[in-house]
Amino acid sequence: MRFHNTLTRKKEEFEPLVRGKVNMYTCGPTVYDFAHIGNLRAYVFSDTIRRLLEHDGYEVRHIKNITDVGHLTEDDLAQGDSGEDKVERRAKAEKKTPEEIARFYEDAFHEDEESMNILPAQFFPRATAHIPHMIRMIQVLIERGHAYEVNGNVFYDVTSFPEYGKLSGNTLHKLKTGARLEEHPDKRNPWDFALWLAAPREHLMKWPSPWGEGYPGWHIECSAMSLEYLGDTLDIHTGGEDHIFPHHEAEIAQSEGTTGKPFSRFFMHERHILVDGQKMSKSKGNFYTLSDIVRKGFSPMDLRLLYLSANYGSQMNFTWDALAQARKNRETLFLAHERLSDAGDKEGQDIVMEAKEAFLSAMRDDLNTPLALSALLGSVNRINAALDKNEAIDTRVARIFLDEALELFGIRFEKKIISDDVQKLIARREQARKDKDFALADSLRDEIAALGVEVRDSVSAKDLPTE
Ligand code: AMP
Ligand code: ZN
């Protein structure tokens, strides 16, 4: 199987370091808000890699972290090391503790992953539970001459790591000639990045350290936790394209600076989802959550199929029409599956075998899911046509292939496709909620439930418990 490796900018044959076993790390959510469907694309992406690896017989150890401290509002832009902690800012706005905010959105994240049929990672380490690991790593980096302390802040000295920039292409040379970064007064070079920041008195999340009370920078948690749970060298590290720089570049500098060994053999990044040509993001306010999708009568599996209809390495423009097309495709697959379930065995396996070959080789070619999907839909059309015309087709083999393909795609088989009637009831209930006619909304919920569909309303942070 071949994957595109951001490190080498090439498609490469994938072989894990230890035969049959794959160590994989995925940068998980910063838990200060609900995930939007861009975030979920990133997790479906790593889940698709994992499903393919497991399908092909690898044992995958998958770690996905929970960022509940240290991710600052300006971190994604550059290495300003300025801005507020995202979780803490939300906590102050909601008059909650950072822990309440983090646990609430962490639970919501797990629910979303479950709805999207994403296989749970073996472990979801929280940053706040690994402060000692981070402190230890920072100490090693100071000892090895990669980091320095000033006024209780510790920074990574990027000039001490000649390979800095190998992932993103943002080499020191380029950074020096590029736009000026906002300068932290304690930094030797503006492009150095924070490992540890001294906490001002009013800061809520802070821990004692050899450099005084403070809190970790965003990048160090992933280096510390991947070392703890997966060892020196990962087989695959995944994330979204915005992680390439500065986050993953910084992780490489930290991890390789600590162990002296390669940090990850493959880096794989999915590109962003756009809305009207712009990145879907919380700061722009142009985002949808899974509840928005479900409220419009779509299944999370429609969204999953929509993701798979595009290459992970291409940006994807989200439209409701495209989602409706994905739903049609899902219905086609499910209907074909139902048709096959009751039929007996017959001759004629080659149509299925050809499709299976095309499907698997597309998946193994850097997860070419659009090609795999078209092979799958093509085979379903041929199977349907053969059944219609009573031609020979081995329905048992066809069903096994369909099951295998849906499993690899992570499309959970849902017998119930929400009918138009139910959708109308859902829309009426939405209107009732908007009109604050809660008695009507409740009775419509019961009516919908009687038809076998459960409606769940997304909770907003306003509904968080106050104690
Ligand atoms: P965050 O919770 O902000 O750390 O982001 C979680 C994941 O979502 C990261 O892997 C991001 O790269 C990814 N991500 C953020 N925005 C988008 C987007 N618009 N499309 C796809 N992935 C995204
Ligand atoms: Zn990370």
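A quick note: this is a predicted structure, and the numbers were derived from the prediction, not measured. Each residue takes its place number in the sequence, starting with 1. First listed ligand is number 1; within each ligand, the first listed atom is number 1. Because only heavy atoms are used, hydrogens play no part in the values below, and waters and symmetry mates are left out as well, while side chains stay in.
For the pair A42 and ligand 1, the shortest N or O to N or O distance does not fall below 3.5 Å. For ligand 1, the polar-atom distance check finds no N/O of G239 at less than 3.5 Å from any of the ligand's N/O atoms. When only interatomic distances are considered, the shortest N/O to N/O separation between N39 and ligand 1 falls below 3.5 Å. Polar contact check, E241 against ligand 1: no nitrogen or oxygen pair lies under 3.5 Å apart. Checked against a 3.5 angstrom limit, the closest N/O atoms of M280 and ligand 1 fall inside it. Considering both main-chain and side-chain atoms, K86 never comes within under 3.5 Å of ligand 1 through any nitrogen or oxygen pair. Ligand 1 has a nitrogen or oxygen under 3.5 angstrom from a nitrogen or oxygen of I273. Annotation: H71 places no N or O atom under 3.5 Å from an N or O atom of ligand 1; distance criterion only.
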Contacts under 3.5 angstrom, residues 20-28 side chains, donor-acceptor by atom type, not counting sequence neighbours:
| residue | atom | partner | partner atom | Å |
| --- | --- | --- | --- | --- |
| N23 | ND2 | L230 | O | 3.0 |
| Y25 | OH | N65 | OD1 | 3.3 |
| T26 | OG1 | H62 | NE2 | 2.8 |
| T26 | OG1 | T238 | OG1 | 2.9 |

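Remark: ligand 1 atoms within the under-4.0 Å shell around heavy atoms of G240 are 10 (O), 12 (O). Which parts of ligand 1 touch D242 is read off a 4.0 Å heavy-atom cut-off, strictly below it: atoms 11 (C), 12 (O).
Within the 4.0 Å heavy-atom cutoff, E270 counts among the residues contacting ligand 1. Using a non-hydrogen distance threshold of 4.0 Å, F287 does not register as a contact of ligand 1. Heavy-atom distances between M316 and ligand 1 stay at or above 4.0 Å for every pair. Judged by the shortest distance from any of its heavy atoms, P29 lies inside the 4.0 Å radius around the atoms of ligand 1.
F318 has its ring centre less than 6.0 Å from the ring centre of Y288.
Both tests hold for R327 against F298: distance to the six-membered ring centre under 6.0 Å, angle to the ring axis within 45°.
Looking at E249, its side chain does come within 3.5 Å of a backbone N or O of L167 through a donor-acceptor pair. With hydrogens and angles ignored, the 3.5 Å screen pairs no side-chain donor or acceptor of S255 with any backbone N or O of I252. Not a single donor-acceptor pair under 3.5 Å links the side chain of R271 to the backbone N or O of M316. For the pair H272 (side chain) and L274 (backbone), a donor-acceptor distance under 3.5 Å is absent. For the pair R103 (side chain) and I101 (backbone), a donor-acceptor distance under 3.5 Å is absent.
Under the 30°/60° scheme for interplanar angles, the aromatic rings of H247 and H219 are found to be tilted. Taking the six-membered ring for Trp and thresholds of 30 and 60 degrees, F267 and H237 have nearly parallel ring planes, at less than 30 degrees apart.
For K11, the side-chain hydrogen bond (donor to acceptor under 3.5 Å, both in side chains) partners at least two apart in sequence or on another chain are D365. Checked against side-chain contact (heavy atoms from CB on, under 4.5 Å), A358 has the following partners two or more places apart in sequence or in another chain: A375.
The count of protein N, O or S atoms under 2.8 Å from the Zn ion (ligand 2) stands at 4, with waters excluded from the count.
The environment of R19 atom CZ is sparse: at most 12 non-hydrogen atoms of other residues, nucleotides or ligands sit within 6.0 angstrom.
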